[in-house]
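Remember, predicted model here, so these are calculated numbers, not experimental data.
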Amino acid sequence: MAVFCERTAADPGLLARPDVQKLTPYQSARRIMQAAGVTGEVWLNANESAEAEPMAPETKLFNRYPEPQPEAVVERYAAYAGVSPEQILVTRGGDEGIELLVRTFCRPGEDAVLQFPPTYGMYAVSAETNGAEVVNLVTSPDRGWLPDVAEAAKVLEERTDVKLVFACSPGNPTGTLIPVGMLRKLAELTAGRALLVIDEAYIEFTPANTAVELLKDYPHVVIIRTLSKAFALAGLRCGFLLSSPAVIGMLRKVIAPYPIPVPCADIAAQALSPESVSLMHRRAAQCVMRKCELEVALEDLDGVEAVYPSASNFLLVRFVDAARVFTALRDRGIILRDQSRQPTLENCIRITVGTKDENERLLTELEEILKEAA
């Protein structure tokens, strides 16, 4: 005991739960580059909006706590999403929504979550942080990285401990859009067994393909949304969970009492005004046009093996030598996101669609790098 006390006095981190000590944290785009000491000029690694309008809070006094759920934000987002205010929970980005779902519905050491890698890393991190097992059904590029519904059915039959099924559509980092019909099949499979959580962080780039209609028929379906991507408010950290009042009611028991700071709620309400929503749609449409132009240009480059279809604001590209491309571009001030460590994504790099000038600079530098390697 004395030896242990001496060790923990020198390293209080050893007082943390053993599973947390072993945990590998989510490697966000910023964390990776900061750890490497990288200071880039063109940042195309975090799927942020390349363009935005300046915004500022209108509130001037901050001596009072904020509303637990900012009414103006809830009502405006409900109108935007086509649901009732009782079906919405405002969160600190989509990430807090993921964390709340795991904490609310998974018992530490007993329950599990099911996901379809390659996919967004925070599903697994939140599960592992809260002592829930992660069950992986790896998807294949041969199937367009779509979930295998039959395999999911087998898992749900065999494992009664799965309480959350995460399906990202459009997918990150693949850009894959899961057809609503397939999501409906997953909703039928999970009914009475688990919550089906559909992450629609990028849905504004393909709005006709939202699965929000499933909320009418399946009270166990949850949809994650955010203002970080097409709304160009990544720095605001404002997200939403959409579900049935029963699920939202459970989540309200767990969320912090004052999660959304007043300035954030103020700007979020502004962003959800009819005028700002219209601007967002125009900005998203322009981004999609630039993505198509970038896709065509990338396909013509030697050293590019594949440019995968994407329903998002980024492209997943497979190179002959991704490590060399990533490092060479980084050294020239262009920061991308290497996805090679994800299952089935060897030699793949994710490229966020930038401004016209940023995309042109990327292509110029990339063409030069690939010619040097030829």
Side-chain angles (χ1 to χ4, degrees), residues 29 42-55 73 76-83 93-94 120 144-145 168-180 183 198-213 223-240 242 267-300 307-317 334 336-337 350-363:
V42 179
W43 292 85
L44 305 177
N45 65 331
N47 300 343
E48 300 151 322
S49 174
E51 300 170 324
E53 290 76 37
M55 302 186 76
V73 177
R76 289 186 179 187
Y77 201 83
Y80 166 73
V83 298
Y120 182 44
W145 288 292
C168 194
S169 180
N172 176 17
T174 62
T176 296
L177 183 73
I178 304 176
V180 174
L183 291 170
I198 305 169
D199 190 340
E200 290 192 341
Y202 299 93
I203 200 61
E204 278 78 18
F205 299 102
T206 178
N209 293 291
T210 177
V212 73
E213 66 182 51
I223 293 178
I224 300 173
R225 295 279 189 87
T226 184
L227 299 185
S228 294
K229 307 304 180 183
F231 279 90
L233 289 171
L236 196 67
R237 308 306 298 129
C238 184
F240 304 88
L242 284 58
I267 292 174
Q270 294 177 48
L272 291 165
S273 69
E275 298 79 12
S276 291
V277 168
S278 181
L279 280 173
M280 178 275 293
H281 283 309
R282 285 203 294 271
R283 190 168 54 242
Q286 291 166 358
C287 176
V288 170
M289 289 179 62
R290 295 197 304 274
K291 177 187 69 179
C292 293
E293 293 168 355
L294 181 61
E295 181 178 4
V296 171
L298 286 167
E299 287 174 340
D300 285 341
V307 182
Y308 295 101
S310 170
S312 199
N313 68 334
F314 59 82
L315 290 167
L316 184 69
V317 184
I334 300 175
L336 308 181
R337 187 69 185 264
R350 193 189 67 194
I351 304 174
T352 306
V353 178
T355 63
K356 186 175 186 295
D357 289 344
E358 288 173 337
N359 292 343
E360 287 178 354
R361 178 174 169 185
L362 166 70
L363 290 167

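- A donor-acceptor pair under 3.5 Å is formed between the side chain of S276 and the backbone N or O of Q270.
- Listed here is the closest heavy atom pair of P309 and E295: CA-OE2, 4.5 Å.
- Taking CD1 of I334 as the start and CG of L363 as the end, the distance is 9.0 Å to the nearest 0.5 Å.
- Rounding to the nearest 0.5 Å places OH of Y120 at 8.0 Å from CG of D199.
- Side chains of R225 and T210: a donor-acceptor N/O pair is present below 3.5 angstrom, by distance only.
- Applying the salt bridge (Lys or Arg N to Asp or Glu O under 4.0 Å) test to residues at least two apart or on different chains, the pairs with a partner in residues 269-291 are E51-R290, E53-R283.
- Taking every heavy atom of both residues into account, I178 and C168 meet most closely at CD1-O, 3.7 Å.
- Closest heavy-atom contact between N313 and C287: CB-SG, 3.7 Å.
- Under 3.5 Å, the side chains of R337 and N47 contain no donor-acceptor pair of N or O atoms.
- In this structure, CE in M280 is found 10.5 Å from OG in S49, a value given to the nearest 0.5 Å.
- With rounding to the nearest 0.5 Å, the separation of CG in L294 from CD in E358 is 11.5 Å.
- V317 is not listed as a side-chain neighbour of L336, based on a closest heavy-atom distance of 4.5 Å or more.
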When you look at W145 and L316, which way does the side chain to side chain contact (heavy atoms under 4.5 Å, CB included) test go after all the steps?
-> CA-CA 12 Å; W145 288 292; L316 184 69; 3.8 Å; yes
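- The shortest distance between side-chain heavy atoms of Y80 and V277 falls below 4.5 Å.
- Between the T176 side chain and the G144 main chain, a donor and an acceptor come within less than 3.5 Å of each other.
- Here the options are N172, N45, T174, the test is side chain to side chain donor-acceptor pair (under 3.5 Å), and the partner is R350; only N172 passes.
- The shortest heavy-atom contact between L315 and S310 is CD2-CB, 4.1 Å.
- The closest side-chain donor-acceptor pair between R76 and S273, if any, does not fall under 3.5 angstrom.
- Taking all atoms of both residues into account, the shortest heavy-atom contact from T355 to A50 is N-CB, 3.6 Å.
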Could you give me the CA-CA distance, side-chain angles and deciding distance for V212 and L242, then say whether side chain to side chain contact (heavy atoms under 4.5 Å, CB included) is met?
-> CA-CA 8 Å; V212 73; L242 284 58; 4.3 Å; yes
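- One finds the CD atom of E200 at 9.0 Å from the CG atom of N209 (value rounded to the nearest 0.5 Å).
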For L233 and M55, run side chain to side chain contact (heavy atoms under 4.5 Å, CB included): C-alpha distance rounded to whole Å, both residues' side-chain angles, the deciding distance at 0.1 Å, then the answer.
-> CA-CA 10 Å; L233 289 171; M55 302 186 76; 4.1 Å; yes
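- Annotation: the span from S169 atom OG to Y202 atom OH amounts to 12.5 Å, rounded to 0.5 Å.
- Proximity of a side-chain donor or acceptor of N359 to a complementary backbone N or O of G354 within less than 3.5 Å is detected.
- In this structure, E48 contributes its side chain and K229 its backbone to no donor-acceptor pair below 3.5 Å.
- Considering all non-hydrogen atoms of both residues, P170 and L177 come closest at CG-CD1, 4.1 Å.
- Residues I351 and L362 form a side-chain contact, since some pair of their non-hydrogen atoms from C-beta on lies under 4.5 Å apart.
- Between F240 and Y77, the ring planes lie parallel to each other; the angle is under 30°, not in the 30° to 60° tilted range.
- Residues L272 and F231 are in side-chain contact: their nearest non-hydrogen atoms beyond the backbone lie under 4.5 Å apart.
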